[in-house]
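A short write-up of the structure that comes next.
Values below: all heavy atoms of this structure, side chains included; hydrogens, waters and symmetry mates excluded. Protein chains get the first letters and strands the later ones, always in sequence-line order, with residue 1 at the start of each.
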Protein chains: 2
Amino acid sequence: MVRTKTRDEIIAVAAELFSRAGFKGTSLHDIAAGVGCSKATLLYHFDSKEAILAALIAPAAAELAELDTRLAVLGGAARQEAAIDGFVDLVLRYSREAGIIYYGSQDVLCSPPFAEVKPLIDNLCAAFAAGATDPADQIAAEVVLAGISSVAIGKPDDAVLRSALVAVAKRALLTPPMKD
Amino acid sequence: MVRTKTRDEIIAVAAELFSRAGFKGTSLHDIAAGVGCSKATLLYHFDSKEAILAALIAPAAAELAELDTRLAVLGGAARQEAAIDGFVDLVLRYSREAGIIYYGSQDVLCSPPFAEVKPLIDNLCAAFAAGATDPADQIAAEVVLAGISSVAIGKPDDAVLRSALVAVAKRALLTPPMKD
DNA sequence: GTCTATAACTAGATAGAC
DNA sequence: GTCTATCTAGTTATAGAC
């Protein structure tokens, strides 16, 4: 993976456009115009439009895999808390990439490197549910995971947002103490 | 608005395809193949591809507007509860349409009839927040609204899912009783 | 490493026969 | 009301000059 100024700028512009208009809704012409180069230059640096997508997703996917590894050695409540904190942190630092992954339609998401992301999200959802057997608790985990992703998308990292996301996750997921 | 068998079938097939591959990711050819007719037939029944989208979204948008009207005369906790119940009901009965609206990229969502949907969603979010002034509570409302939409999308209406969505919304939004 | 020009293809939409 | 054939414009990707 060679690093050049133009290559990095292509990734930056593509990330911005993909997150606003979607992968299918963004053409090579749009990206080239944003960078200030020709379409041919894009395809000199990347094999294809999909290769641009793969390259810009890669760092976020790698960190998600890291989080997955960290969670694997934990269990129960500690795993749940680490999953919440870790995911909120990740989605705020990669809010554009999260949007691209999250809003990507099925056919785009079935292509690499998304294929490897899917099981990591499933693991994360299981960690959010903290081994609950009640279907309602598993659905709650899905709601929180999806809701956090959706709200964080496109927003800059921010302390208030970060703590609010963690707070609502814990309020929604921590089993309520019987009655009140 | 004339009702014909072919017209309705076009809407049904388009709804299915748009929800799986997105508006941009679905071609007239795809829809025609699904219906078993030609592209020209699609454009005999509808002025354009976008007109198909508008027609299939219309019933869901109309019901959302109805919900908005019902909520307008309520206040406080009653409004919040009615918003949660009403939205969960709506999104489960129109789970495909919800996906199309929810996952639609910006440029698609800026076109009619989506322009009128956006403020209704904002009102709904305010009802979820129940007039809370704390930014964290408003963010919680966004998370719950987005999470419910996302989880319901594409799923059949189901009593377990319905009650679980309502339950997680109430757990996440009802302000916790001081400490525990 | 970047460009212009263009190939090869697909899109949405139209014309006109039946 | 549905079709085949076609138009125009836009798409990804390649060729070859600089």
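- Residues B/Tyr103 and A/Leu145 are members of separate hydrophobic clusters, defined by side-chain heavy-atom contacts under 4.5 angstrom among Ile, Leu, Val, Met, Phe, Trp and Tyr.
- We find that B/Arg20 and B/Glu16 are joined by a salt bridge, their nearest charged nitrogen and carboxylate oxygen being less than 4.0 Å apart.
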Acceptor/donor pairs from residues 82-89 of chain A side chains to any protein atom, 3.5 angstrom cut, sequence neighbours excluded:
| residue | atom | partner | partner atom | Å |
| --- | --- | --- | --- | --- |
| A/Asp89 | OD1 | A/Arg93 | NE | 3.3 |
| A/Asp89 | OD1 | A/Arg162 | NH1 | 2.8 |
| A/Asp89 | OD1 | A/Arg162 | NH2 | 3.3 |
| A/Asp89 | OD2 | A/Arg93 | NE | 3.1 |
| A/Asp89 | OD2 | A/Arg93 | NH2 | 2.9 |

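- Nucleotide D/dC3 holds its C1' atom 12 Å from the NE2 atom of B/His45, rounded to whole Å.
- Of the candidate nucleotides D/dT2, C/dT14, C/dG1, C/dT14 has the atom lying nearest to any side-chain atom of B/Ala40.
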Discussion item. Set out, in order, the CA-CA distance, both residues' side-chain angles and the distance that settles side-chain contact (heavy atoms from CB on, under 4.5 Å) for A/Cys37 and A/Leu42, then state yes or no.
Written reply: CA-CA 8 Å; A/Cys37 70; A/Leu42 302 181; 3.9 Å; yes
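- B/Lys118 contributes no side-chain N or O that, together with a main-chain N or O of B/Leu109, makes up a donor-acceptor pair within less than 3.5 Å.
- For B/Tyr44 and C/dG16, the OH to C1' distance is 15 Å, given to the nearest whole Å.
- Atom pair B/Leu42:CG and C/dT14:P shows a separation of 13 Å (rounding to whole Å applied).
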I'd like a list of close polar pairs between nucleotides 11-13 of chain D and the protein, N/O only, cut-off under 3.5 Å.
| residue | atom | partner | partner atom | Å |
| --- | --- | --- | --- | --- |
| D/dT12 | OP1 | A/Lys49 | NZ | 3.1 |
| D/dT12 | OP2 | A/Leu28 | N | 2.9 |
| D/dA13 | OP2 | A/Lys49 | N | 2.9 |

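- A distance of 10.5 Å separates CG in B/Asp30 from NZ in B/Lys39, rounded to the nearest 0.5 Å.
- One finds no side-chain N or O of B/Thr41 lying less than 4.0 angstrom from the OP1 or OP2 phosphate oxygen of D/dG1.
- Proximity of B/Thr6 to the phosphate of D/dG1: no side-chain N or O atom is located under 4.0 Å from OP1 or OP2.
- If you measure from atom CD of B/Glu9 to atom P of D/dG1, you get 15 Å, rounded to the nearest angstrom.
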